Amino acid sequence: MEQTKSRGIINSFALHIIAMVIMLGDHMWATLFPYLNWLTCLGRIAYPIFAFMIAEGFFRTKNFKKYILRMLVFALISEIPFDLIYGSTAFYPYHQNVLWTFMIALGLMRFLEWVKSKGGIVRYILASVAACIVGFVVGTLTMVDYYGAGVLVVLLFYFTRKRNFLSFIIQFAFLYYVFVELIGGYYYPVTIFGHYFELVQEAFSLLALIPIWLYNGKHGYLAKWFKYFCYGFYPGHLLILYIVWQILLKLA
């Protein structure tokens, strides 16, 4: 698959570390420190970075079947820890973990690349529209994390992979629409110079564009163990947080 490089200063390794640390803080807020709202505000940055890395990983992978199979295996592994955190039960069918969101997007990107290989700009445009509709509907109906909007965010980075000013404008505008207008969420009252306004919590997601735009297209540190650490970190930290959370609840 093709690769894109830029003059940024952040590589893939650094992006993964940033996203994982921020995600950990967000989930610590959801379990251990619900009174530290700044943790979840900062946590809004994680998903767009992960979505970007999924799109980037799609183009970089040498074996798509192995890539999506790994995603499937860890999606299954992650489901019980995820359900314990969000549903307080080992089986909670009303919200699925984020790896399922990524798998839907990966399937749609694979489909679009297949259509592209057949040639025809009109066919590709129609397929792109159909993919966005299908992704939104399937993601919403299956209740994956971030629902259909989450699938569209991954597709956004697939469509805007050319690192130019137009792509950056589209990314900012789309993320603003998705996270501020579509998802919304909690509002924080803010007064600046006597003027009152409400700040949408999900608006912090837009800050993810800073490290994304600084991405240089390089791997950085590359080792097989780290790749699997990134996959295992998701279910692993959820399970550890749940166990610690339950212990503290019993001690309280």
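Residue numbers count from 1 along this sequence. Please read all numbers here as calculations on a predicted model, not as lab measurements.
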(message) Using a 3.5 Å distance criterion without hydrogens, assess whether the side chain of Thr142 forms a donor-acceptor pair with backbone atoms of Val138.
(response) yes
(request) State, with a plain yes or no, whether a side-chain heavy atom of Pro48 is found less than 4.5 Å away from one of Leu209. (result) no
(message) Treating Asn11 as the side-chain partner and Tyr221 as the backbone partner, does any N or O pair qualify as donor plus acceptor under 3.5 Å?
(response) no
(request) Any chance you could measure Leu99, atom CG, to Leu106, atom CG, to the nearest 0.5 Å? (result) 10.0 Å
(message) Rounded at 0.5 Å granularity, tell me how far CD1 in Ile10 sits from NZ in Lys218.
(response) 13.5 Å
(message) For a quick test of reading the model, state the closest non-hydrogen atom pair linking Ile104 to Gly139 and the distance between them.
(response) CD1-CA, 4.0 Å
(message) Under 4.5 Å between side-chain heavy atoms, counting indirect links through other Ile/Leu/Val/Met/Phe/Trp/Tyr residues: same cluster for Ile9 and Met53 or not?
(response) yes
(request) May I ask whether Trp100 and Leu141 are part of the same hydrophobic cluster, defined by side-chain heavy atoms of I, L, V, M, F, W, Y residues being less than 4.5 angstrom apart, directly or through others? (result) no
(message) Count I, L, V, M, F, W, Y as connected when their side-chain heavy atoms are under 4.5 Å apart, and connections chain through other members. Are Tyr158 and Val129 then in the same cluster?
(response) no
(request) Side-chain contact test, heavy atoms from C-beta onward, threshold under 4.5 Å: evaluate it for Ser167 versus Phe159 and give yes or no. (result) no
(request) Taking Ser128 for its side chain and Tyr124 for its backbone only, find out whether a donor-acceptor pair lies under 3.5 Å. (result) yes
(message) side-chain contact (heavy atoms from CB on, under 4.5 Å) for Tyr176 and Glu181? Distances and angles first, verdict last.
(response) CA-CA 7 Å; Tyr176 179 87; Glu181 300 294 338; 3.6 Å; yes
(request) Would you indicate whether the side-chain heavy atoms of Leu39 and His27 approach each other to under 4.5 Å? (result) no
(request) Decide side-chain contact (heavy atoms from CB on, under 4.5 Å) for Ile17 and Phe226; before the verdict, give the C-alpha distance in whole Å, the side-chain angles of both, and the deciding distance to 0.1 Å. (result) CA-CA 10 Å; Ile17 294 298; Phe226 181 71; 3.9 Å; yes
(request) Begin from the C-alpha positions of Phe111 and Val134 and carry the test side-chain contact (heavy atoms from CB on, under 4.5 Å) through to its verdict. (result) CA-CA 12 Å; Phe111 165 71; Val134 170; over 6 Å; no
(message) Show, in sequence, the C-alpha distance, side-chain angles and deciding distance for Lys116 and Glu113, and conclude whether the salt bridge (charged side-chain N to carboxylate O under 4.0 Å, His left out) test is met.
(response) CA-CA 5 Å; Lys116 184 188 290 185; Glu113 288 297 296; 3.4 Å; yes
(message) Just to verify, what does Tyr94 make a ring pair (Phe, Tyr, Trp, His ring centres under 6.0 Å) with, not counting sequence neighbours?
(response) Tyr92
(request) Answer yes or no: is there a side-chain heavy-atom contact under 4.5 Å between Ile183 and Tyr147? (result) no
(request) Indicate, with yes or no, if Phe174 and Leu166 share a hydrophobic cluster defined by side-chain heavy-atom contacts under 4.5 Å among Ile, Leu, Val, Met, Phe, Trp and Tyr. (result) yes
(request) May I have the step-by-step check of side-chain contact (heavy atoms from CB on, under 4.5 Å) for Leu182 and Glu202, ending in yes or no? (result) CA-CA 10 Å; Leu182 189 60; Glu202 290 290 344; over 6 Å; no
(message) Working to the nearest 0.5 angstrom, can you tell me the gap between Leu175 CG and Leu206 CG?
(response) 6.0 Å
(message) Can you confirm whether Phe82 sits close enough to Asp145 that some side-chain heavy atom of one is under 4.5 Å from a side-chain heavy atom of the other?
(response) yes
(request) Check Ala51 against Val154 and note the closest heavy-atom contact, atom names and distance. (result) CB-CG2, 3.7 Å
(message) Within the 4.5 Å heavy-atom criterion, are Gln171 and Phe157 side-chain neighbours or not?
(response) yes
(request) Using a 4.5 Å cut-off on heavy atoms from C-beta on, say whether the side chain of Phe50 contacts that of Val98. (result) no
(message) Tell me if the centroids of the rings in Phe74 and Phe233 come within less than 6.0 Å of each other.
(response) no
(request) For residues Ile49 and Pro211, report the shortest heavy-atom separation together with the two atoms involved. (result) CD1-CG, 3.9 Å
(request) Sort out for me which residue in Tyr146, Tyr47, Tyr67 forms a ring-ring contact (aromatic ring centres under 6.0 Å, His included) with Phe102. (result) Tyr47
(request) First locate atom CG of Asn37, then atom CD of Gln201, and finally report the distance between them rounded to the nearest 0.5 Å. (result) 7.0 Å
(message) On a heavy-atom basis, which atom in Leu238 and which in Ile85 lie closest, and how many Å separate them?
(response) O-CD1, 3.7 Å
(request) Answer with yes or no after comparing the ring centroid distance for Phe204 and Phe179 against a 6.0 Å cut-off, counting only values under it. (result) no
(message) Ignoring hydrogens, what is the shortest heavy-atom contact between Asp83 and Ala90? Give both atom names and the distance.
(response) OD2-O, 3.5 Å
(request) Check Ala149 against Val178 and note the closest heavy-atom contact, atom names and distance. (result) CB-CG1, 3.9 Å
(message) So Ile240 and Trp245, do their side chains get closer than 4.5 Å, heavy atoms only?
(response) no
(message) Tell me whether Arg161 contacts the main-chain N or O of Glu56 through its side chain, where contact means a donor paired with an acceptor under 3.5 Å.
(response) no
(message) To the closest 0.5 Å, what do you measure between CD1 (Ile77) and CG (Leu239)?
(response) 11.5 Å
(request) Would you give the length of the straight line joining atom CG of Leu36 to atom CE of Met28, rounded to the nearest 0.5 angstrom? (result) 8.5 Å
(request) Identify which one of Phe13, Phe52, Phe168 satisfies the ring-ring contact (aromatic ring centres under 6.0 Å, His included) criterion when paired with Tyr215. (result) Phe52
(request) Tell me whether Ile210 is reachable from Ile169 by hopping between hydrophobic residues (I, L, V, M, F, W, Y) whose side-chain heavy atoms are closer than 4.5 Å. (result) no
